[in-house]
Undergrad: 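Have a look at this one before I ask anything.
In what follows, every heavy atom counts, from backbone to side chain, and hydrogens, waters and symmetry copies are set aside.
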Amino acid sequence: MLRPPLTKRLTRVQLVGLDVAVGMALLLWGRPTDAQLATAGLSLPGWYALLTLLACAVAARRLWPRPALGVSLATYATMAAYGFVKFPSLAVAFCLYQFALSQPRSRAVVGLVLTEAVVGVGMAMGGSSVFFDNEWAAMWLGQSAPIVAFWAAGMMIRSQRAYDAGLRAQAERQAQARVEEAQRTVIEERLRIARELHDVMAHSMSVIAVQAGVGRHVITGHPDEAAKALTAIETVSRTALREMRALLDVLREESPADDAAAASDLAKPGLSDLPFLIEQTGRTGLQVELRIRGTTRQLPPSIDLAGYRIVQEALTNSVKHAATARARAQVSYHPDGIEIEVTDEGRGCAGLPGRPGPAIAPGSPGGHVGHGLIGMRERVALSGGDFAAGHLPLGGFRVWARFPTGESA
């Protein structure tokens with residue numbers, strides 16, 4: 001990589017030390033001849049007093065740019081009154097450069113105008129007694145050129161530093177945005193896994209609880225039925241453990257990326273797995289009628305998984321809360337999307353027996369909404385679809401969702 005310029009590698013203390021060295025050089029280099037002092041009528045101590053002020057202004061220009069410029073201009077005007085106008089203008093240019101570098105643009109312009117005015121008056125006092133004559137104009141142009149050059153250099157470097165600072169700030173904002181995006185991705189992935197765990201555990205434990213209750217009641221009189229219940233518990237529990245293991249493997253930092261991807265795929269059933277889900281649910285005593293309308297087709301993985309989880313969660317709620325033996329699940333394939341509807345004939349999770357509660361409109365916060373309904377609504381919203389859940393007028397509960405897939409799906 002290219003090394004930065006020398007001025008960017010020096011510390012502020014080193015830069016101030018460099019200014020002090022420049023001031024000392026001006027002090028040593030500025031001794032006038034005896035003839036110049038005799039013509040000007042200025043003693044040597046007085047000259048060195050003015051020269052020391054000028055050197056101090058140069059040495060302090062980085063710490064106090066405005067006072068330094070003021071002292072240098074005042075010293076220049078005093079020395080110009082004694083006939084010295086060429087030498088002190090170099091110190092003024094140094095101070096004006098730092099002033100333009102550190103001050104706002106409008107103030108820097110004012111500093112340039114004031115400096116040019118002082119230089120013009122000083123040259124009139126030291127060289128020409130009449131303003132705007134040829135001699136004064138030539139001297140003013142000769143003195144103004146280096147002063148304006150120093151001022152312009154300070155302005156350009158100030159603009160470049162502001163531009164570099166803007167680039168650094170933009171890079172920092174972009175880096176912060178990338179960090180925030182990564183954090184959002186992690187949070188969204190954790191929420192997704194939490195929803196998956198909720199769906200898997202809620203459905204599986206509901207089936208296991210019902211089958212365990214059936215087995216306990218029939219184990220003495222009907223051992224064959226108890227054996228079927230235990231078989232169902234074994235099948236459901238193994239399936240749940242397999243899905244949980246696949247989901248938890250995603251969270252292990254030591255898992256290779258390929259293993260995590262494979263584990264994630266294992267944890268993603270789809271609508272094609274609905275017959276197995278219906279069979280599992282039937283072992284709890286809830287007979288579910290599955291209807292498929294339209295031509296089945298390959299769906300985006302996210303929509304395929306979300307549709308399966310909607311049916312799974314809706315049937316889990318029916319098993320836990322509906323107190324009914326019949327339910328219906330319907331999946332309708334449309335050219336621009338799919339529609340899922342799950343209904344039961346029970347009392348619903350919020351109604352009383354025979355007295356259905358009010359319907360819950362799409363997106364409505366009213367009614368009794370548990371984590372299951374919230375999770376279903378979030379799944380549909382992430383896919384840009386519509387969701388509604390509520391009690392039916394004649395009893396029962398209905399869950400409806402629509403996912404857009406587009407014409408090319």
Side-chain angles (χ1 to χ4, degrees), residues 1-30 52-76 86-120 122 140-188:
M1 295 180 61
L2 296 176
R3 297 186 67 187
L6 177 61
T7 55
K8 292 186 178 181
R9 299 200 302 266
L10 297 178
T11 64
R12 185 175 178 82
V13 174
Q14 292 172 333
L15 291 173
V16 172
L18 185 61
D19 291 339
V20 172
V22 172
M24 293 296 295
L26 291 175
L27 183 63
L28 297 176
W29 180 50
T52 301
L53 286 176
L54 206 59
C56 289
V58 173
R61 67 192 180 106
R62 201 174 303 272
L63 300 176
W64 303 287
R66 283 184 289 179
L69 180 62
V71 170
S72 66
L73 290 177
T75 306
Y76 173 85
K86 295 183 179 181
F87 167 74
S89 63
L90 180 61
V92 172
F94 274 116
C95 294
L96 183 62
Y97 163 83
Q98 189 63 41
F99 185 84
L101 185 64
S102 60
Q103 301 300 308
R105 183 179 300 272
S106 58
R107 188 174 294 173
V109 172
V110 172
L112 175 64
V113 173
L114 179 62
T115 300
E116 291 294 339
V118 172
V119 169
W140 184 80
L141 289 175
Q143 294 289 338
S144 296
I147 290 176
V148 173
F150 272 74
W151 178 85
M155 292 294 292
M156 287 189 294
I157 294 177
R158 178 181 178 276
S159 299
Q160 182 63 38
R161 289 181 180 179
Y163 177 75
D164 293 341
L167 291 181
R168 288 194 298 269
Q170 182 180 5
E172 291 174 359
R173 288 194 297 269
Q174 292 176 348
Q176 183 64 27
R178 288 193 293 268
V179 171
E180 293 175 355
E181 180 64 23
Q183 292 175 346
R184 265 195 310 272
T185 302
V186 171
I187 293 174
E188 290 174 358

Undergrad: Could you tell me the separation between the CG atom of Leu112 and the CZ atom of Arg107, rounded to the nearest 0.5 Å?
TA: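 These two atoms lie 15.5 Å from each other.
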Undergrad: Using a 3.5 Å distance criterion without hydrogens, assess whether the side chain of Ser72 forms a donor-acceptor pair with backbone atoms of Leu69.
TA: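 Yes, because the side chain of Ser72 sits within donor-acceptor range (under 3.5 Å) of the backbone of Leu69.
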Undergrad: How long is the straight-line distance from CD of Glu172 back to CD of Gln174, given to the nearest 0.5 Å?
TA: 11.0 Å
Undergrad: CD/Gln98 to CD/Gln103 distance, rounded to the nearest 0.5 angstrom?
TA: 9.5 Å
Undergrad: Report the distance from atom CG of Leu54 to atom CG of Leu90, rounding to the nearest 0.5 Å.
TA: 9.0 Å
Undergrad: Looking at Trp151 and Phe99, would you say the former's side chain and the latter's main chain have a donor-acceptor pair under 3.5 Å?
TA: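 Not confirmed, Trp151 side chain does not pair with Phe99 backbone.
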Undergrad: Roughly how far, to the nearest 0.5 Å, is CZ of Arg168 from CZ of Arg161?
TA: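 The CZ atom of Arg168 is 10.0 Å from CZ of Arg161, to the nearest 0.5 Å.
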Undergrad: Determine the minimum heavy-atom distance between Phe150 and Tyr97, stating which atoms define it.
TA: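 Closest approach of Phe150 to Tyr97: O-CD1, 3.4 Å.
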Undergrad: Let's go through Arg184 and Glu181 carefully: what are the C-alpha distance in whole Å and the side-chain angles of both, what is the deciding distance for salt bridge (charged side-chain N to carboxylate O under 4.0 Å, His left out) to 0.1 Å, and is it a yes or a no?
TA: CA-CA 5 Å; Arg184 265 195 310 272; Glu181 180 64 23; 2.5 Å; yes
Undergrad: Which pair of heavy atoms, one from Arg105 and one from Ser159, lies closest together, and at what distance?
TA: NH2-OG, 3.6 Å
Undergrad: Which heavy atom of Pro146 sits nearest a heavy atom of Ala93, and at what distance?
TA: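 For Pro146 versus Ala93, the nearest heavy atoms are O-CB, 4.4 Å.
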Undergrad: Any idea which heavy atoms bring Cys95 and Ala57 closest together, and the distance?
TA: SG-O, 3.8 Å
Undergrad: Would you list the pairs meeting salt bridge (Lys or Arg N to Asp or Glu O under 4.0 Å) in which at least one residue belongs to residues 55-70, sequence neighbours left out?
TA: Asp19-Arg61, Asp19-Arg62
Undergrad: Rounded to the nearest 0.5 Å, what's the gap from OG1 on Thr115 to CG on Leu73? Could you check?
TA: 4.5 Å
